[in-house]
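Read through the structure below, which is laid out as structure tokens, and then see the notes.
As the structure is a prediction and not an experimental result, all values here were calculated from the model. Counting starts at 1 for both ligands and their atoms, following the listed order.
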Amino acid sequence: MFFMKKNAGPRQEMVIPAHIGIIMDGNGRWAKKRGLPRKAGHRYGAKAMEEICKYARDIGVRYLTLYAFSTENWKRPQDEVDSIMNLLRNYLKDITNHQKEEIRTKFIGDRSGLAPDIVALMEEAEEKGAHFDKLTVNFAINYGGRDEIVHAVREIGKKIQDGALQPSDIDEQTLEDFLYTAGQPAPDLIIRPSGEFRTSNFMVWQSAYSELVFMDVLWPDFGPKDLDRAIEEYSRRNRRFGGV
Ligand code: FPP
């Protein structure tokens with residue numbers, strides 16, 4: 001099944017994926033349906049995000065990667081970009097000050113394009129949460145999957161230039177070692193709510209064997225029950241990784 005219907009199939013034993021990626025989409029449509037400004041959609045989207053982080057931690061997910069701001073999202077009106085960055089600022093201040101959720105936080109994406117105060121808050125959040133070992137949440141901010149590969153290739157190029165690496169030594173592992181997610185398993189499951197059927201430059205390298213689940217729910221409405229439904233669908237699939 002490609003598109004998930006409500007109540008699809010019988011409930012069954014859940015196989016909890018070690019790594020889940022989510023393309024948090026539909027905030028704008030959610031707000032429009034209620035006659036609210038788009039930024040209100042992002043505010044409610046941020047609340048849904050916090051709830052999903054806690055739930056993922058509670059059910060034993062080890063890595064959760066959340067697509068919060070893409071390299072293409074800068075094309076949006078300035079006040080919408082500003083509102084997402086302000087949500088991020090407030091969220092970062094909150095998590096670094098309280099650390100109450102015991103979630104390890106990591107940021108993936110190109111930090112050079114972000115405001116210096118946000119980069120400083122990201123570093124602080126990463127440092128202060130480094131000892132938590134249940135769930136790691138990767139927030140993809142100014143992230144693009146192709147951009148990530150270009151970044152990795154540049155880093156590999158520098159190693160070759162320095163004489164630390166030979167072109168013939170490069171294999172898939174070398175490239176993986178230079179991705180923002182180095183050292184983490186690839187996502188087992190990628191969820192896109194909001195009814196769109198594409199992955200929009202999310203984890204381009206890492207998603208080669210991910211199970212994709214598309215759901216007809218807008219992100220601010222996405223809750224633990226929806227994550228359960230996606231995991232049930234994932235649990236029904238038989239992953240062969242190219243074997244038989
Ligand atoms: C896509 O919906 C959503 C985004 C581009 C932003 C996602 C951001 C959040 C959920 C909040 C992030 C907050 C923190 C703290 C990281 P859309 O605006 O494209 O929706 P549409 O397709 O209905 O217009």
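Not one N or O of L88 is nearer than 3.5 Å to an N or O of ligand 1, by distance alone. Taking any N or O of R29, backbone or side chain, at least one lies under 3.5 Å from an N or O belonging to ligand 1. Among the atoms of N27, some N or O lies under 3.5 angstrom from an N or O of ligand 1.
Two residues are said to be in side-chain contact when any heavy atoms from C-beta on lie closer than 4.5 Å; L64 and I52 meet this criterion. Side-chain contact between K159 and T174 is absent, with no heavy atoms from C-beta onward closer than 4.5 Å.
In summary, the atoms of ligand 1 found under 4.0 Å from a heavy atom of G45, numbered by their order in the structure, are 10 (C). Near R76, meaning under 4.0 Å from any of its heavy atoms, are these atoms of ligand 1: 5 (C), 17 (P), 18 (O), 19 (O). Of all atoms in ligand 1, listed by their number and element, those nearer than 4.0 Å to a heavy atom of G28 are 17 (P), 18 (O), 20 (O), 21 (P), 23 (O), 24 (O).
Residue contacts with ligand 1 for K32 are absent, since no atom lies close enough (heavy atoms, distance under 4.0 Å).
Classification of the Y91-F139 ring pair by plane angle, with boundaries at 30° and 60°, yields perpendicular. Ring pair Y67/Y143 is perpendicular by interplanar angle, where above 60° counts as perpendicular and below 30° as parallel.
Under a 4.0 Å heavy-atom criterion, R38 is in contact with ligand 1.
Among protein heavy atoms, atom 3 (C) of ligand 1 sits closest to M24 O, 3.2 Å. Among protein heavy atoms, the minimum distance from atom 11 (C) of ligand 1 is reached at H42 O, 3.9 Å. The shortest contact between atom 13 (C) of ligand 1 and any protein heavy atom is with A46 CB, 4.0 Å. For atom 6 (C) of ligand 1, the nearest protein heavy atom (residue, atom name, distance) is A68 O, 3.3 Å. Of the protein's non-hydrogen atoms, M49 CE, 3.7 Å is the one closest to atom 14 (C) of ligand 1.
The closest non-hydrogen atom to atom 17 (P) of ligand 1, taken over N73, D25, N86, I22, comes from D25.
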Apply side-chain contact (heavy atoms from CB on, under 4.5 Å) to the pair I191 and L227, showing each step before the final yes or no. CA-CA 9 Å; I191 304 168; L227 189 63; 3.5 Å; yes

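Taking a 6.0 Å sphere around CZ of R89, one finds it holds more than 12 heavy atoms contributed by other residues, nucleotides or ligands.
With sequence neighbours left out, the side chain to side chain contact (heavy atoms under 4.5 Å, CB included) criterion links Y44 to W30, K47, P220.
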Using a 3.5 Å cut-off and no angle test, enumerate the donor-acceptor pairs between side-chain atoms of residues 130-137 and protein atoms at least two apart in sequence or in another chain.
residue : atom : partner : partner atom : Å
H131    : ND1  : K128    : O            : 3.3

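Looking only at distances, a side-chain donor or acceptor of E148 sits under 3.5 Å from a matching main-chain atom of Y180.
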